[in-house]
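Supplied in structure tokens, the structure appears directly below.
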Number of protein chains: 2
Amino acid sequence: MKQIHVKKGETLQKSGDPKSKVYVVISGLLRSYIIDEKGKEHIFMFAPENWTIADSANPKDFCDFFIDALEDSVVHVKDKTVDNKNNTQLLYNRIDVLQKRVIMLMSLSAIDRYEHFIKTYTDIAQRVPQKMIASYLGITPEALSKAKGDKMRIL
Amino acid sequence: MKQIHVKKGETLQKSGDPKSKVYVVISGLLRSYIIDEKGKEHIFMFAPENWTIADSANPKDFCDFFIDALEDSVVHVKDKTVDNKNNTQLLYNRIDVLQKRVIMLMSLSAIDRYEHFIKTYTDIAQRVPQKMIASYLGITPEALSKAKGDKMRIL
DNA sequence: CATACACCTTAATGTAGATTAAGAAATGCA
DNA sequence: TGCATTTCTTAATCTACATTAAGGTGTATG
């Protein structure tokens with residue numbers, strides 16, 4: 001298990017890479033995202049300190065995701081085949097987050113998803129540009145800006 | 001690990017139930033779904049033979065999901081705390097499916113999600129009413145009906 | 001058989017969010 | 001400090017999907 005330093009903007013993993021690793025963020029901030037057929041980015045998740053970020057859970061598959069650094073970061077790189085007792089709890093946590101994510105995408109409006117995001121990830125929300133939050137929420141930056149503006153005007 | 005018989009329409013688990021189980025479908029078909037604040041159903045997943053269906057992965061949390069039978073089914077009911085070696089692979093598989101689901105919700109149109117669903121779950125698609133597929137896709141039955149109609153007319 | 005019920009379709013209208021474009025503000029860099 | 005680049009906002013227009021409502025089909029039930 002080695003520890004590496006990555007500069008802001010540096011890419012750790014590209015979609016299609018054969019071997020994906022598990023990255024444990026010691027300090028800084030990483031993200032994972034896809035690029036769809038239209039060339040549009042969709043951020044899948046952010047990973048600040050003490051979070052784990054990794055690709056499609058199955059170690060034998062190719063990567064779906066790009067993973068890069070949004071801030072200068074220090075990262076532990078682990079091999080997926082390394083399996084320890086605690087691993088199961090980590091997997092449960094990831095499934096839990098994913099389930100909630102799908103539910104939100106299906107049942108909440110963009111602005112509701114935004115507010116939930118702000119509440120749940122206050123810290124992250126202050127550290128990434130708004131357009132990245134929009135990407136995470138599954139909407140365009142313009143739509144988010146407008147939604148926020150509309151909200152303000154009502155209050 | 002006990003085996004139970006459930007009739008079509010029977011509910012195995014309700015949102016808010018304190019203890020969630022893991023259900024392994026021996027025969028028949030189950031589904032999990034949520035009911036949002038507006039009372040609208042959103043199907044999270046279908047589980048035909050040999051599939052596992054379970055709630056929010058963390059065993060200590062309350063259930064998010066309703067789980068019921070769409071066909072007369074035979075189901076193994078397992079306790080989540082029962083942990084064996086194979087379990088890890090099952091968790092990886094679930095994470096993989098969830099990841100792909102989120103990606104689809106964010107990057108594909110309703111009709112594209114439908115076609116992907118048909119391709120991936122041909123069997124399921126023939127066994128559940130269309131309105132349930134719509135719910136799984138995150139759209140209304142009307143929208144799905146229209147999208148299909150439009151598609152036919154173009155070809 | 002008749003009636004009810006669940007499901008599918010079609011159509012009219014409404015709306016959230018996409019797209020495009022332009023300018024303003026913030027940030028990075030020489 | 002000044003310039004360049006990225007990010008945010010606003011606004012006009014467009015489109016996918018939601019909502020509502022009505023009618024049609026199949027199937028289970030008295």
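All values below come from the heavy atoms of this structure, side chains included, with hydrogens, waters and symmetry mates left out. In this text the structure is predicted, and so the values were computed from the model without any measurement. Chain A is the first sequence line, chain B the second, and so forth, proteins listed ahead of strands; every chain is numbered from 1.
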Can you tell me if the side-chain N/O atoms of B:Lys8 get under 4.0 Å from OP1 or OP2 in D:dA28?
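For D:dA28, OP1/OP2 do not have a side-chain N/O of B:Lys8 under 4.0 Å.
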Protein-nucleotide distance (B:Ile139, atom CD1; D:dT19, atom P), rounded to Å
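Rounding to the nearest Å, CD1 of B:Ile139 and P of D:dT19 are 12 Å apart.
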Relative orientation of the end axes in the helix from C:dT9-D:dA22 to C:dA30-D:dT1, expressed as an angle to the nearest 10° (five pairs per end):
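The angle, to the nearest 10 degrees, is 40°.
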Rounded to the nearest 0.5 Å, what separation is found between the OH atom of A:Tyr33 and the NZ atom of A:Lys40?
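Here the rounded value is 15.5 Å.
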Without decimals, in angstroms, what is the distance between A:Arg113 CZ and C:dA16 P?
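Atom-to-atom, A:Arg113 to C:dA16, this comes out as 13 Å.
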Contacts of type salt bridge (charged side-chain N to carboxylate O under 4.0 Å, His left out), residue A:Asp36, not counting sequence neighbours:
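Testing A:Asp36 for salt bridge (charged side-chain N to carboxylate O under 4.0 Å, His left out), a comparison that skips the adjacent residues, returns none.
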Salt-bridge contact B:Asp64-A:Lys100 (side-chain N to carboxylate O under 4.0 Å)
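Result for this pair is yes, salt bridge flagged.
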When the distance from CD of A:Glu41 to C1' of D:dT6 is rounded to whole Å, what number comes out?
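So the CD-C1' distance, A:Glu41 to D:dT6, works out to 14 Å.
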Length of the CG-C1' vector between B:Leu137 and D:dC17, whole Å:
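The distance from CG of B:Leu137 to C1' of D:dC17 comes to 13 Å, rounded to the nearest Å.
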Report yes or no: is the cationic atom of A:Arg101 (NZ for Lys, CZ for Arg) closer than 6.0 Å to the six-membered ring centre of A:Tyr136, at no more than 45° off its axis?
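Judged by the rule, A:Arg101 and A:Tyr136 form a cation-pi pair.
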Nearest whole angstrom, please: distance from the C1' of D:dC17 to the CG of B:Asp112.
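Going from B:Asp112 (CG) to D:dC17 (C1'), I get 14 Å.
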Once you round it to whole Å, what is the distance between C1' of C:dA16 and CG of A:Asp150?
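So the two atoms are 11 Å apart, to the nearest Å.
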salt_bridge(A:Lys7, A:Asp72) N-O dist < 4.0 Å
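Yes.
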Hey, is the side chain of A:Thr140 poking within less than 4.0 Å of OP1 or OP2 on C:dA18, counting only N and O atoms?
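Yes, A:Thr140 has a side-chain N/O under 4.0 Å of OP1/OP2 on C:dA18.
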Sub-3.5 Å pairs of nitrogen or oxygen atoms, protein against nucleotides 5-9 of chain C:
residue : atom : partner  : partner atom : Å
C:dC7   : OP2  : B:Lys131 : NZ           : 2.5
C:dC8   : OP1  : B:Gln130 : N            : 2.8
C:dC8   : OP2  : B:Gln130 : N            : 3.4
C:dC8   : OP2  : B:Lys131 : N            : 3.1
C:dT9   : OP2  : B:Gln130 : NE2          : 2.8
C:dT9   : OP2  : B:Ser145 : OG           : 3.2
C:dT9   : O5'  : B:Ser145 : OG           : 3.4

Is it true that a side-chain atom of B:Arg31 and a backbone atom of B:Met45 form a donor plus acceptor pair closer than 3.5 Å?
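Absent.
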Please determine whether residues B:Ile67 and B:Tyr121 belong to a single hydrophobic cluster, defined as Ile, Leu, Val, Met, Phe, Trp and Tyr linked transitively by side-chain heavy-atom distances below 4.5 Å.
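Same cluster.
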Strictly by modelled atom types, are B:Arg94 and A:Gln99 linked by a side-chain donor-acceptor pair under 3.5 Å?
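B:Arg94 vs A:Gln99: donor-acceptor pair found between side chains.
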Please give, in whole Å, the distance from C:dG17 P to B:Leu105 CG?
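That distance rounds to 14 Å.
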For A:Phe62 against A:Gly16, the heavy-atom pair lying closest together
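Closest heavy-atom pair between A:Phe62 and A:Gly16: CD2-O, 3.5 Å.
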Between B:Lys40 and D:dT19, is there a contact of a side-chain N or O with OP1 or OP2 at under 4.0 Å?
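Checking D:dT19 against B:Lys40, a side-chain N or O does come within under 4.0 Å of OP1 or OP2.
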Could you tell me the separation between the CE atom of B:Met106 and the C1' atom of D:dA16, rounded to a whole number of Å?
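About 18 Å, once rounded to whole Å.
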Measure from the side chain of B:Ala143, starting at C-beta and using heavy atoms only, and say which of D:dC17, C:dA18, C:dG28 lies closest.
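Per side-chain heavy atoms of B:Ala143, the pick is D:dC17.
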